[in-house]
Amino acid sequence: MPAARLTLDPAFVVAPLDRRLFGSFVEHLGRCVYDGLYEPGHPTADAEGFRQDVIDLVRELGVTTIRYPGGNFVSGYRWEDGVGPREQRPKRLDTAWHSLETNEVGLHEFASWSAKVGSELMLAVNLGTRGVQEAIDLLEYTNIPSPSAFSQQRVANGAETPFDVRMWCLGNEMDGPWQLGYRSAEDYGVLASRTAKAMRQLDPDLELVACGSSNRHMPTFGAWERTVLEHTYDDVDFISCHAYYFMRNDDLGSFLACSTDMDAFIEEVAAAADHVKSIRRSDKTMKISFDEWNVWYQDRYQNVDRITAVDEWPVAPRLLEDAYSVADAVVVGNLMISLLKHADRVRSASLAQLVNVIAPIMTEPAGAAWKQTTFFPFALTARLAQGEVLKPALEVPAYATAVYGEVPVVDAVATSDPENGAAAVFLVNRSVDEAITVTVDVERLGALRIAETHTLADADPFAANTLEDQERVAPSANDSARLEDGVITIELPPVSWTAIALSR
Ligand code: AHR
């Protein structure tokens, strides 16, 4: 069996862990909101129509921040449609997803749901079909206690206390030709800067996110970040990244290595931002909001799910309902390792999305809610990671991939909390067919014992949890783990994700 060696040291600190890395994303798309988190007729629905079984799962997932209401949807959204008496709210055509938006759920309802699940609300403004005025109208409505019209409208609609939303995205994927109202980097940079300045006139302490590239493979990637930040560097706090991965051409080995693309993406965006920082002689370091990331079988969306018929505008159609396998979950766990390894720059991240739509939680109307395979690495990382992020020194064999060349077969990150002595190590074995023995030298973290181990693996890497078999896949304790003389020895099965929690 091949072997790998990891060494941990309290001096290997990347950054204090920002819990906003465990954020997620809810878009008015398919059955994420309607027939997902909101289903008034469901047996578990509360007085506001929210499914209690979904609330319980979201809490267990440990989501800290939720980006809302899009996504592509936000670029045609009129926020005013979603406030006030429900019976007066208009139905609108959502051109992003070719659906009918009923506006039954809007700002007040979603803010209430976010509070129920214990998450911070992060809003996106529409810079596709709208601009500065509508952004500051929404901000006044959302955050400002005043006798002015929008603040008073909020009060009349039942929210005396402002929602006090801190993080705001200035549009969504504005570089993408699929985006309603997409723009050149120059045009978007000017608009984002003006919108940010206007928003800060109302509320100076906002945390604002400028749109970066929709993915690393956009033809404008790099130049987009540079131009947008040349316009917005002093106005915003974050530049965004989005990335989705899926297995192509049955090449599992390459798919399992796709976090190498995320690693490079983050480092390249940081380099583009630092280039602008140096030219501007700025003291500020731009943070990254990785506000959409996941496994998403986009080929399925293009070939099967996509609605194009002009006479078809369904309410909450089944869109992007990918069923995730063990391999997908290992990739999700590895993408979380990548985000943590870059915790000095990535200060906010959103798993896209949360319920039914490329989601860790699935529901059936009037029926069950269950955990996809991807639920487990997210929930366990969010629960066990604490304190500071440590980047281990790795001595790991490599394997050959068609897409990424030679790639380490094991990837890992750790956290350590100097306050209570707790530590955690998160690892993946990317090999498609070989187990590996890993030793982790934790002696320099102080006297520790293994408190918990969890390994997600299966004889069938394509096994998934489905409506018919909701508990087919779950992590189990890794009984091979031993800690002797400050060194953990553990066996990682092929295609697996593992968490080891340590305590004093
Ligand atoms: O998450 C699904 C879609 O992916 C979002 O609406 C969009 O921002 C991205 O392209």
Side-chain angles (χ1 to χ4, degrees), residues 23-34 36-37 63 65-77 93-99 101 110 122-129 167-183 188 192 209-221 224 228 238-246 261-262 265 288-307 316-322 324 328 332 335 348-362 372 374 378:
S24 185
F25 172 38
V26 166
E27 177 167 5
H28 283 244
L29 192 184
R31 298 192 309 123
C32 185
V33 175
Y34 308 113
L37 57 94
V63 166
T65 317
I66 303 181
R67 179 170 175 256
Y68 175 84
N72 296 343
F73 171 79
V74 81
S75 294
Y77 184 51
L93 299 183
D94 164 21
T95 58
W97 302 107
H98 215 88
S99 309
E101 172 55 52
F110 195 73
M122 171 182 178
L123 286 178
V125 298
N126 173 358
L127 292 187
T129 57
M167 259 187 104
W168 293 76
C169 301
L170 302 171
N172 177 70
E173 295 190 348
M174 297 304 297
D175 61 329
W178 59 87
Q179 198 71 212
L180 204 53
Y182 78 102
R183 288 163 184 266
Y188 171 69
V209 186
C211 290
S213 295
S214 301
N215 63 69
R216 183 175 175 232
H217 306 284
M218 294 297 289
T220 49
F221 172 59
W224 173 276
V228 167
F238 296 86
I239 180 92
S240 72
C241 292
H242 291 181
Y244 294 101
Y245 300 97
F246 63 98
D261 183 83
M262 184 186 253
F265 190 9
I288 292 174
S289 170
F290 216 119
D291 46 40
E292 287 187 35
W293 67 271
N294 204 349
V295 171
W296 172 14
Y297 285 80
Q298 281 168 307
D299 54 347
R300 188 189 142 84
Y301 170 64
Q302 290 301 338
N303 303 332
V304 182
D305 278 355
R306 203 147 169 246
I307 309 166
R318 287 182 186 258
L319 290 177
L320 283 58
E321 299 201 3
D322 290 354
Y324 289 121
D328 296 328
V332 163
L335 295 172
S348 179
S350 308
L351 173 72
Q353 302 192 5
L354 189 53
V355 184
N356 287 332
V357 172
I358 44 173
I361 297 167
M362 296 300 290
Q372 293 238 47
T374 53
F378 189 101

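No hydrogens, no waters, no symmetry mates; every other heavy atom, side chains included, goes into these values. Just so you know, ligand 1 is whichever comes first in the structure, and atom 1 is the first atom listed for that ligand.
- For W296, the heavy-atom gap to ligand 1 drops under 4.0 angstrom.
- Contacts of V357 with ligand 1, taken as heavy-atom pairs under 4.0 Å, are absent altogether.
- Less than 4.0 angstrom separates some heavy atom of F25 from each of these atoms of ligand 1: 1 (O).
- Taking the six-membered ring where tryptophan is involved, the planes of Y244 and W296 are perpendicular, since the angle between them exceeds 60° and thus also 30°.
- The shortest heavy-atom contact between G176 and Y182 is O-CB, 3.0 Å.
- Using a 30° and 60° split on the angle between ring planes, Y188 and W224 fall in the parallel class, below 30°.
- For atom 4 (O) of ligand 1, the closest non-hydrogen atom on the protein side is E292 OE1, 3.2 Å.
- Under 4.0 Å from ligand 1, not a single heavy atom of Y301 appears.
- Ring-centre distance between Y301 and W97: below the 6.0 Å cut-off.
- Of all non-hydrogen atoms in D261 and Y245, the two that sit nearest each other are OD2-OH, 2.7 Å.
- Between the choices L320, N72, N294, the shortest heavy-atom distance to atom 7 (C) of ligand 1 belongs to N72.
- Below 4.0 Å from some heavy atom of E173 lie the following atoms of ligand 1, by number and element: 7 (C), 8 (O), 9 (C), 10 (O).
- Put simply, CD on E27 and CD1 on I358 are 8.5 Å apart, with the number rounded to the nearest 0.5 Å.
- Atom 2 (C) of ligand 1 has Q353 NE2, 3.5 Å as its closest protein atom, hydrogens excluded (heavy atom only).
- E27 OE1, 2.6 Å is the protein heavy atom nearest to atom 6 (O) of ligand 1.
- Each of D328, D322, N303 was scored for a side-chain hydrogen bond (donor to acceptor under 3.5 Å, both in side chains) with Y297, with one residue passing: D328.
- Atom 1 (O) of ligand 1 has as its closest protein heavy atom Y244 OH, 2.8 Å.
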